[in-house]
Amino acid sequence: MTVLAVVEHDRGNITSASLGVLTAARNLAKQMNTKFEVLTIGANADRLSETAANFGATTVHQAHNAMLTDFGPEAWGESIAQVVRKISPSVVIGTGTERGHEIIAQAAARLDLPAAMNCLEFDKDFNGSQPLKVVRARWGGSLMEESQIDAPIKLITLANHVVEPQEELATSPATISAIEVQLDESVSQSFVQDRVERVAGVTLATSPVVVSGGRGVGSAEAFAPLEELAGLLNGVVGCSRAVTNNGWRNHTDQVGQTGTRIAPDIYIACGISGAIQHWVGAMASKNILAINTDAQANIVTKAGYAVIGDLHKVVPAISAEIRRRQNK
Amino acid sequence: MNILVCVKRVPAPGARINITSDGQQVDTAFLGFTVSPHEECAVEQAVQLVEKHGGEVTVLTLGPAEAQEQLRTAVSTGAAKAVLVPIDTTDWDPQRTAQAIATVITELETANGKYDLVLFGNESADSCGYQVGIRTALKLGRPIVNGAKGLETENGVATVRRESDAGVEIYKLKTPACVGVKEGINLPRYPTMKGRLASKKVAVDRSESSGETGGLKLITLRRPPERASNTVILGNGPEAASAVVDLLEELGVFK
Ligand SMILES: Cc1cc2nc3c(=O)[nH]c(=O)nc-3n(C[C@H](O)[C@H](O)[C@H](O)COP(=O)(O)OP(=O)(O)OC[C@H]3O[C@@H](n4cnc5c(N)ncnc54)[C@H](O)[C@@H]3O)c2cc1C
Ligand SMILES: Nc1ncnc2c1ncn2[C@@H]1O[C@H](COP(=O)(O)O)[C@@H](O)[C@H]1O
């Protein structure tokens, strides 16, 4: 009866989401009065055993196979499944990321076990022998679901950013257990075949200022004043789905449930009504300024600050005022 | 080239999601219905592939009889056939859903031959389970990759492009294969007049299926705590610009 954390890494580099998972898994193991173990996949991740130990792991299972040189959802899922069969943990926790959901779902399918994705909380009384109650995010986080996992082994992913990473050295050094997993043809196809590296720079997800436009902007060309304001504030331009659906901007600019989650210092939402699927992508912003003609718009009532008025007049006026102060 | 796309009927909430008093469902009294944007894009991608390579697109849903509406919408944008797997209860858990869908796909394939591609959304809009496609693919014995932002086929190989924090990754799957599609892969078309007519005429095939109840059980739905907000109105129209820039200065985003 153990808690097993599955480390997500990219060619041996641990992802930040994994650190939250290591922390959550250790805390749950403590609550259950049981051991906290970790799984790393591929020999290029062996060095992450040290990180796992720093977070309190007592055993680190290192899944090895010559095929495991890069990410492959089926091979990773199969590796998890084989290790789970071998050690029979009570709970397996993965990252609440695209890769994390995918490999936990792959493992669950292979083990024919249920899986609950994007968990926010676990039952405080869980001791390993009863069904596990969790609270998980639905609708991209607009709604929460309390549910129960009724299975001998509980597979879950931890919603990203809900647990603050916290190191805590175990009392004794971690035991390393190398496991040669058996992978065949059936999982060999879905490996990354090629990769074009991302160029570094500010993105929608990381920019401290986002100036965003919705249907109220009216056309692709009418985004120019928003571009200008974003430029003056060293920020980037975002948009709502109404905008991407109209082909005014690329989907990479979309904020929301099926777009990007952002958490800037300030989100300036121009001509956006604030539908729940949009709001869920913007609600982590530290400050929200809505510019809207409708004082009753959902975004206006939920935002910290608002200007009631026509964005086509208000946005250029803000840029002009910034320039006026810069020139002083 | 024949492609099957799985879509799920979900409510289309506006400013907030209300829950029924028993906590089991979204209150749909005043709501329309839709499918996940990812699934809309999966239908569009399938239609584009068929336009290029020939063949036809079938859409499938497991849901109440009303889910015909979503199947017909898919037909209005280019799908040729529609299959409803009727259920009477509200929602099936992911294991049961996947089992039922895989069984129906196998039946359809016994009659008509294999689909070169079976497409899913990356995740459903409502339950966001991230697993029905993967479970179904495994039951069908086919490879699957999720998160597709690009999908092409050539000579029996499906090339999937997907974004990660590190960059753009390329996968190559031998067909028959399954793919989970993400919004942004394309811009879904609007229904044409011809499409609308076809959608009214299409026969929706019903394919009964069952599946054993899985181990994830809903206890109750609830709304996340709302952050209290007393919106500060900085002003009306362009005259508010000065107050806005004061705020930007105060927040330290403008120096
Ligand atoms: C499953 C699902 C997922 C979704 N995912 C997303 C997502 O990721 N992101 C997303 O954005 N949406 C998403 N949506 C769509 C969402 O429900 C809304 O349809 C969309 O966000 C509306 O965009 P909007 O606010 O720009 O348009 P509208 O709702 O039409 O609002 C336009 C606003 O502009 C204001 N306005 C008009 N003219 C002016 C002017 N001159 N000056 C100032 N204000 C003006 C109006 O008062 C109004 O408030 C999703 C929907 C579903 C069902
Ligand atoms: N009831 C259903 N009917 C048809 N397809 C479904 C159903 N539920 C899920 N799917 C498909 O599986 C994908 C993933 O669903 P989920 O595991 O709920 O996130 C969805 O985007 C759909 O393509």
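Values below: all heavy atoms of this structure, side chains included; hydrogens, waters and symmetry mates excluded. Lettering follows sequence order; numbering is per chain, from 1.
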Task: Pairing residues for A/H101 by the ring pair (Phe, Tyr, Trp, His ring centres under 6.0 Å) criterion, not counting sequence neighbours - done: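 With neighbours one apart ignored, the set is B/Y130.
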Is it the side chain or the backbone of [X] that comes within 4.5 Å of chain A heavy atoms, both, or neither?
X: B/E239; answer: neither
X: B/D93; answer: neither
X: B/P94; answer: neither
X: B/L138; answer: side chain

Go through the atoms of [X] and report whether side chain, backbone, both or neither lie under 4.5 Å from a heavy atom of chain B.
X: A/N245; answer: both
X: A/R324; answer: neither
X: A/F191; answer: backbone
X: A/E74; answer: side chain
X: A/L113; answer: backbone
X: A/V135; answer: side chain
X: A/D150; answer: both
X: A/D310; answer: neither
X: A/K154; answer: neither

Are the side chain of [X] and the backbone N or O of [Y] linked by a donor-acceptor pair below 3.5 Å?
X: A/E321; Y: B/D246; result: no
X: A/E98; Y: B/G147; result: no
X: A/E146; Y: B/R222; result: no
X: A/R136; Y: B/S127; result: yes

Task: Closest approach of B/H38 to A/T258 (non-hydrogen atoms, all atoms of both residues) - done: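 So the minimum-distance heavy-atom pair works out to NE2-CG2, 3.6 Å.
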Task: Exercise: identify the closest heavy-atom pair between A/K302 and B/T231 - done: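 Nearest heavy atoms, A/K302 then B/T231: N-OG1, 4.3 Å.
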Measuring from [X]:[atom1] to [Y]:[atom2], what's the distance to the nearest 0.5 Å?
X: B/Q131; Y: A/I104; atom1: CD; atom2: CD1; value: 11.0 Å
X: A/D265; Y: B/L248; atom1: CG; atom2: CG; value: 11.0 Å
X: B/I144; Y: A/Q189; atom1: CD1; atom2: CD; value: 12.5 Å
X: A/E145; Y: B/C128; atom1: CD; atom2: SG; value: 10.0 Å
X: A/K133; Y: B/K217; atom1: NZ; atom2: NZ; value: 9.5 Å

- [ ] Give the C-alpha distance, both sets of side-chain angles, the deciding distance and a yes or no for side chain to side chain contact (heavy atoms under 4.5 Å, CB included) between B/I19 and A/L143.
- [x] CA-CA 9 Å; B/I19 301 164; A/L143 205 63; 3.7 Å; yes
Open item on the list: With heavy-atom distances below 4.5 Å as the criterion, would you say the side chains of A/R198 and B/E163 are in contact?
Closed with: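 In short, these two side chains touch, coming nearer than 4.5 Å.
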